[in-house]
**Student:** 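One structure follows; several queries about it will come next.
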2 protein chains.
Amino acid sequence: MLKLKQDHSELVVLSVLAEGPSYGYAISKDIAARSDGHFKLTASGMYPLLTKLEKNGLVTTSWEEVKASGSDPDSNGRRRKWYTLSAKGHKHLTKRIELHRQLQSILDGFVQGTSSEQSETQTGLAG
Amino acid sequence: MLKLKQDHSELVVLSVLAEGPSYGYAISKDIAARSDGHFKLTASGMYPLLTKLEKNGLVTTSWEEVKASGSDPDSNGRRRKWYTLSAKGHKHLTKRIELHRQLQSILDGFVQGTSSEQSETQTGLAG
DNA sequence: CTAGATATATCGAAACTTGATATATTCTTC
DNA sequence: GAAGAATATATCAAGTTTCGATATATCTAG
């Protein structure tokens with residue numbers, strides 16, 4: 001299991017939100033599912049991150065009342081906090097992705113020079 | 001300018017040392033040069049990391065006296081601490097690279113799905 | 001003598017990490 | 001209707017990491 005550092009978490013969460021608004025719990029499940037369980041972003045990592053994103057204006061938020069099917073119309077349902085990527089967030093994500101690609105290619109430059117490379121021509125995606 | 005987190009720093013430093021022994025200052029310059037100045041690993045990041053590597057047995061160390069050209073044979077020259085990748089370090093690096101590739105491919109899965117992808121075939125190195 | 005490069009190393013405030021805890025609702029099963 | 005799992009948000013606290021600032025000292029160029 002690969003644990004995501006905040007830098008990576010931010011990239012992933014922003015990427016998920018680029019596909020449409022979502023909320024903490026759903027994002028968490030989404031990340032676990034889409035990474036085959038390799039990534040896990042738990043509540044204590046997720047909510048401080050989302051709060052930071054909101055504080056920095058990268059996302060906007062709104063609350064939704066989750067009504068139970070056939071529930072009392074007067075009942076206060078469970079609350080969901082939706083996060084929507086802002087224009088600033090989109091720009092930020094684009095830069096972040098660019099930086100991520102740069103990091104990858106440069107990192108590869110270092111890694112490929114090592115004698116630990118077992119002369120594999122394939123880039124490991126088939127592993 | 002990308003600042004290397006310790007995880008990345010460790011991977012890069014280990015990779016550099018896989019090509020042969022080196023010392024803190026040289027590694028720092030090496031990283032800056034080979035990344036076109038995009039990466040920077042400063043002294044306050046480098047030395048604690050190298051100490052940790054040594055403590056974990058991934059590298060072995062030895063001191064070298066750096067004599068000035070035409071200096072007094074009695075003078076105590078500047079000292080250089082050389083770091084050599086150990087067998088354990090080599091194994092560790094191989095695992096690390098594997099993990100790095102895994103991280104990359106999964107991360108790519110998230111990033112490639114974003115609408116921020118400007119259908120660029122080139123990988124941004126020409127930017 | 002001065003300034004800048006070389007060389008190693010620690011300090012400390014801020015930020016980050018993460019299991020644990022808290023709170024409350026909704027769904028499923030018996 | 002009780003129990004337990006899943007949904008949903010959020011904070012705490014103890015530990016680790018980060019990184020500019022600082023300290024120390026030598027070497028080189030002007």
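Everything numeric here is computed off the predicted structure, so don't read it as measured data. The chains referred to below are lettered A, B, ... by the order of the sequence lines, with proteins before strands, and numbering in each begins at 1.
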**Student:** Is the shortest heavy-atom distance from the side chain of B/L11 to the side chain of A/F110 under 4.5 Å?
**Tutor:** no
**Student:** Any side-chain N or O of B/Y23 below 4.0 angstrom from OP1/OP2 of C/dA7?
**Tutor:** yes
**Student:** Starting at NZ of B/K81 and ending at P of D/dA25, how long is that distance when rounded to a whole Å?
**Tutor:** 18 Å
**Student:** Quick one: B/Y25 OH to D/dT28 C1', roughly how many Å, whole number?
**Tutor:** 12 Å
**Student:** Could you state the CG-C1' distance from B/L41 to C/dA9, rounded to the nearest angstrom?
**Tutor:** 14 Å
**Student:** Can you tell me how far P of D/dG20 sits from CG of B/L4, to the nearest Å?
**Tutor:** 13 Å
**Student:** Taking the side chain of A/Y47 as heavy atoms from C-beta outward, which of C/dA9, D/dA8, C/dA20 is closest to it?
**Tutor:** D/dA8
**Student:** When the distance from CZ of A/R80 to C1' of D/dT9 is rounded to whole Å, what number comes out?
**Tutor:** 12 Å
**Student:** What closest approach, in Å, do A/L41 and A/S28 show between heavy atoms, and which atom pair accounts for it?
**Tutor:** O-OG, 3.1 Å
**Student:** Check the distance between C/dA15's P and A/L49's CG and give it to me in whole angstrom.
**Tutor:** 15 Å
**Student:** For B/E65 and D/dA25, what is the distance between atoms CD and C1' respectively, to the nearest whole Å?
**Tutor:** 13 Å
**Student:** For a quick check, tell me whether the side chain of A/R78 and the base of C/dT26 share a donor-acceptor pair closer than 3.5 Å.
**Tutor:** no
**Student:** Report the distance from atom NZ of B/K40 to atom C1' of D/dT18, rounded to the nearest whole Å.
**Tutor:** 16 Å
**Student:** Enumerate donor-acceptor pairs with a distance under 3.5 Å from any side-chain N or O in residues 52-59 of chain A to protein atoms, sequence neighbours excluded.
**Tutor:**
{"unit_1": "A/K52", "atom_1": "NZ", "unit_2": "A/E10", "atom_2": "OE1", "d": "3.1"}
{"unit_1": "A/E54", "atom_1": "OE1", "unit_2": "A/K81", "atom_2": "NZ", "d": "3.3"}
{"unit_1": "A/E54", "atom_1": "OE2", "unit_2": "A/T61", "atom_2": "OG1", "d": "2.9"}

**Student:** At 4.0 Å (heavy atoms only), tell me whether A/G24 reaches a base, stays on the sugar-phosphate, or touches nothing.
**Tutor:** sugar-phosphate
**Student:** May I ask you to say what B/S44 touches in the nucleic acid, namely base, sugar-phosphate or nothing, with a heavy-atom cut-off under 4.0 Å?
**Tutor:** base
**Student:** In this structure, is the centre-to-centre distance between the rings of A/H8 and A/H38 below 6.0 Å?
**Tutor:** no
**Student:** Decide yes or no for B/M46 and B/I27: does some side-chain heavy atom of the first lie under 4.5 Å from some side-chain heavy atom of the second?
**Tutor:** yes
**Student:** For nucleotides 13-17 of chain D, print each protein N/O atom paired with a nucleotide N/O atom at under 3.5 Å, atom names and distance only.
**Tutor:**
none

**Student:** For the residue pair A/R96 and A/H92, confirm or rule out a side-chain donor-acceptor distance under 3.5 Å.
**Tutor:** yes
**Student:** Indicate, with a heavy-atom threshold strictly under 4.0 Å, whether A/W63 touches base, sugar-phosphate, or nothing.
**Tutor:** sugar-phosphate
**Student:** Can you confirm whether A/Y83 sits close enough to A/V13 that some side-chain heavy atom of one is under 4.5 Å from a side-chain heavy atom of the other?
**Tutor:** no
